[in-house]
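Remember, predicted model here, so these are calculated numbers, not experimental data.
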Amino acid sequence: MIFEPESECLEREAMRDLQGRRLRALVAYVDQRVTHYRDALAASGVRASEIRGVDDITRLPITRKSDLRDHYPFGLLAVARRELRRVHASSGTTGKPTVVAYTADDLELFARVNARALAMGGAEPGMMLHNAYGYGLFTGGLGLHAGGERLGLNVVPVSGGMTERQLTLIEDFRPEVICCTPSYALTLASELQKRGVAPDAISLRYSLHGAEPWTDGMRAQIDAALGVRSTNIYGLSEIIGPGVSNECVEARDGSHIMEDHFYPEILDPETSEPVPEGGEGVLVLTTLTKQALPLLRYWTGDITSLTREPCPCGRTLARMRLIKGRTDDMLIIRGVNVYPSQVESVLARLPALAPHYRLVVSREEMLDEIEVHAEVTTEWLAASDARSDDGSVALGHASARELCGRIVSLLRETIGVSMRVQLLGPGQAPRSEGGKLNRVLDRRPAR
Ligand code: DLL
């Protein structure tokens, strides 16, 4: 079902008009209310009244995470603090978290875009949603919670972690829909398998995964193991949280962006100039209707591309491809740009490997090196006879050496660079315990 057909199926011309009107109002709003933007517009030599439509957006200044950090915690707010009804924050790996804030109308928007997302993912009023995204400062839990209630779902606010309890609730409550990180979906799937529960014995039909990059290879594993049709949900705290875009369950071919509220551009990571239609680059988003923390041209750092081709589901909203990675996750290995998701896609092609891996990044004589730690499946280990006493892979065994060799050449042929490969026994690669999973172990000295 389409939650808001009047917006999600708008003719493209009408959409552009609406976006243009909203952009004009937004620029006037931030110029009046946010000192940072008043200064930035002045520095770019742009007067708010000169912005007439979306074609003028490239004249506006870009906002970066550092701007939020520099105005920590509330310096970019466009409303008085007493107008706020909630704050969220995303944990930075270093330093202070990024703080975001919502008015009552912003929370209403947050609920609506997540209701749209859940409907895109196959949920229908009356279904039960097992919400295993973390509740708290992270936007995932509360965002999907509000969206679920708005759509008319019965929401089970499980939050992340306590996997045993999650499985019991899934078996007993029989939810049709689940949302969690893709890595946690794999954890739940393998624990269900350990309990001897077959995918067709559980009630789940649809699942929404995001908050971290994943690939079609991992999707196939999740679909098979949980018996679901999974879709990709994308978002970031700075823009609203989850609900910026979601794949439709019909096509699963790119995530529909709620572009009547979040205007997307794709910019060249080096020059910050727009790339030609359909090209790959950094996703930059402008919040067209937010009140508390409106952002002009926010540089997400996420690499993707857009298409505005019609979609079989009937929605006209532009679609973004699966995120390839973040500009700051990109590794340069002997001159070749490599994203962890590319390695994941290659590993997923080998049936001997489980969908679990770790990348160890080190630096040797100024050059970055990746070592791929790929986990083999229990079936492969049993059949190959390469099992050592402690359950790990006997790396010297001929079948282990042969598999390593195959992985090395597939990585070299596909990505264009040689990487060292090591095999891990079943259960040895890191697993998600509920939240985002970091599969990259960075051993490079701090710069
Ligand atoms: O992760 C919001 C969210 C919650 C999205 C639940 C989806 C589901 P942050 O913690 O601020 O917000 O992290 C945002 O996570 O810039 C991307 O790099 C990454 N990310 C989010 N969704 C996806 C996805 C939430 N579907 C950052 N695919 C973003 C790849 C994703 N990366």
Participant: Between E413 and R349, is the closest basic N to carboxylate O distance under 4.0 Å?
Facilitator: no
Participant: Could you report the tightest heavy-atom contact between G435 and T181, atom names first, then the distance?
Facilitator: O-OG1, 3.1 Å
Participant: Under 6.0 Å between ring centres: does that hold for H130 and F173?
Facilitator: no
Participant: Where is the tightest heavy-atom contact between P157 and V155, given as atom of each residue plus distance?
Facilitator: CD-O, 3.3 Å
Participant: Near E11 CD, under 6.0 Å, is it more than 12 heavy atoms from other residues, nucleotides or ligands?
Facilitator: no
Participant: Between V421 and V408, which heavy-atom pair has the shortest distance, and what is it?
Facilitator: CG2-CG2, 3.6 Å
Participant: For the residue pair Y298 and T287, confirm or rule out a side-chain donor-acceptor distance under 3.5 Å.
Facilitator: no
Participant: Going by atom types only, do R412 and S418 share a side-chain donor-acceptor pair under 3.5 Å?
Facilitator: yes
Participant: Under the side chain to side chain contact (heavy atoms under 4.5 Å, CB included) test against E369, which residue among R334, R443, R444 passes?
Facilitator: R334
Participant: State whether a side-chain donor-acceptor pair under 3.5 Å links Q19 with Y263.
Facilitator: no
Participant: Distance-only, no hydrogens or angles: does the R252 side chain make a donor-acceptor pair with backbone N or O of E250 under 3.5 Å?
Facilitator: no
Participant: Give me the ring orientation class for Y133 and F138: parallel if the planes are under 30° apart, tilted from 30 to 60°, perpendicular past 60°.
Facilitator: tilted
Participant: More than 12 non-hydrogen atoms from neighbouring residues, nucleotides or ligands closer than 6.0 Å to CD on E6, yes or no?
Facilitator: yes
